[in-house]
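Every chain is numbered from 1, with letters handed out A, B, ... down the list of sequences. Bear in mind the structure is a predicted one, so any value in this text is a computation, not a measurement.
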Number of protein chains: 2
Amino acid sequence: MYDVMVNIKSVLKEQGFKLTSQRRATLEVMLKNQDKHLSADEIYVEVKRTNPEIGLATVYRTVLLFEELGIISKHNFEDGRNRYELSHPEENHDHHHLICLKCGGVSEVEVDLLGALEGIIDKKHSFKVVNHKVKFYGLCSKCR
Amino acid sequence: MYDVMVNIKSVLKEQGFKLTSQRRATLEVMLKNQDKHLSADEIYVEVKRTNPEIGLATVYRTVLLFEELGIISKHNFEDGRNRYELSHPEENHDHHHLICLKCGGVSEVEVDLLGALEGIIDKKHSFKVVNHKVKFYGLCSKCR
DNA sequence: ATCTTTGCAAATGCTTTGCACATTC
DNA sequence: GAATGTGCAAAGCATTTGCAAAGAT
């Protein structure tokens, strides 16, 4: 995998933001947990292991900044808090999520397949789609 | 349009719930605002016009019950509160929403077109899809 | 008569904000 | 050195909950 950190550093610089140790640490936590969907509080707990002085408010601010920069994306899985994951650099749209109604497990879908639908939306509603958030609710392989 | 109220009444009865004036009033507000996506507080304000004695907590409880019964569906448009709309009785899945990133307007998409994708999800992940929530973010006809 | 539902107010819990101090560039 | 970023504690706000009274079947 290429050096995400170097890339992010230049993204921040370009936009006039500073690369602080808190931001670096937060990004490292996201990199290490690419398979998970962490809440702000969970990120906070993880970051605290290397940067014990960090405050929860900083995590919230960092996560907001990263989302605005397109580095991470925010998801709501109806559990009362927002959850975050690193954006896959090769994707131009968010990937879909499968949410099990029984065990609550969340997994990812790699296929997009929304091109036809977005074409229709463009034609019928003249709405220019930039991104999408797609969640499928149902029963996972273990629970069905 | 057929008599939704009669239908709901029997749904409630079947499950052992009572048809109270608060529930009837809440349902009437949802019926009158089928084109909108009301928050609990907005429903509360509307219901108060005919039932001034209702409490906000009751609206929250009613909205939760109606969602569990499949009468209404809950959506999160990232504005800090949940929003509700009457389920279209002829749909077996939630319809999709278009959210304008500029003006914040929300509109509906009548086509589903997720059959192929759900078929793939079943085969590849052996995940049985029951419902979906699909939001497209972009620019509406006025704002693009 | 019994079990459910409601209103009120208080509690909960995530997220945001004000401000003085610290840190990057 | 100037502007941005941080930590802490307090505030904000949507939603939930406990409880005694009211209502539905």
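Atoms CD (Glu42(A)) and P (dT15(C)) sit 11 Å apart, rounded to a whole Å. dT15(D) atom C1' lies 13 Å from atom CD1 of Ile43(B), rounded to whole Å. Taking atom CZ of residue Arg61(B) and atom P of nucleotide dG7(C), one finds them 8 Å apart after rounding to whole Å. Spacing between atom CD of Glu53(B) and atom C1' of dA21(D) amounts to 14 Å, rounded to whole angstrom units. Following rounding to the nearest Å, Tyr44(B) (OH) and dA14(D) (P) show an atom-to-atom distance of 13 Å. Spacing between atom CD1 of Ile54(B) and atom C1' of dT6(C) amounts to 9 Å, rounded to whole angstrom units.
Residues Phe136(B) and Leu117(A) have side chains in contact (heavy-atom distance under 4.5 Å, counting atoms from C-beta outward). Looking only at side-chain heavy atoms (C-beta outward), Met30(B) and Lys32(B) stay at 4.5 Å or farther from each other.
Between Asn51(A) and Gly80(B), the residue whose closest nucleotide on DNA chain D is further toward the 5' end is Asn51(A). Nearest-nucleotide assignment on DNA chain D puts the 5′-proximal partner with Ala57(B), out of Lys9(B) and Ala57(B).
Side chain of Leu56(A), nearest nucleotide from dT17(D), dT15(C), dC8(D): dT15(C). Closest to the Ala40(A) side chain, of the nucleotides dG7(D), dT17(D), dT15(C), is dT15(C).
Ion pairing between a basic and an acidic side chain is recognised when a charged N comes within 4.0 Å of a carboxylate O; Lys48(B) and Glu53(B) show no such pairing. Lys135(A) has no carboxylate O lying under 4.0 Å from a charged side-chain N of Asp94(A), or vice versa, which leaves the two without a salt bridge.
Here the two rings, on His132(A) and His96(B), have centers that are 6.0 Å apart or farther. Taking the six-membered ring for Trp, His95(A) and His93(A) have ring centres at least 6.0 Å apart.
Side-chain atoms of Arg144(A) come within 3.5 Å of backbone N or O of Ser126(B) as a donor-acceptor pair.
Residue contacts for Asn82(B): at a heavy-atom cut-off of 4.0 Å it reaches the sugar-phosphate backbone alone, with no base atom in range.
A heavy atom lying under 4.0 Å from DNA chain C marks none of the residues of residues 65-79 of chain A. Residues from residues 13-24 of chain B that place a heavy atom under 4.0 Å from any atom of DNA chain C, listed by number: Phe17(B), Lys18(B), Thr20(B), Gln22(B), Arg23(B).
In summary, of the residues considered (Lys36(A), His37(A), Gln34(A)), a side chain to side chain donor-acceptor pair (under 3.5 Å) with Glu85(A) occurs for His37(A) alone.
Minimum interatomic distance between Val59(B) and Ala40(B) (heavy atoms only, all atoms of both residues): CG1-O, 3.5 Å.
Side-chain nitrogen and oxygen atoms of Tyr60(B) include none within less than 4.0 Å of the OP1 or OP2 phosphate oxygen of dT16(D).
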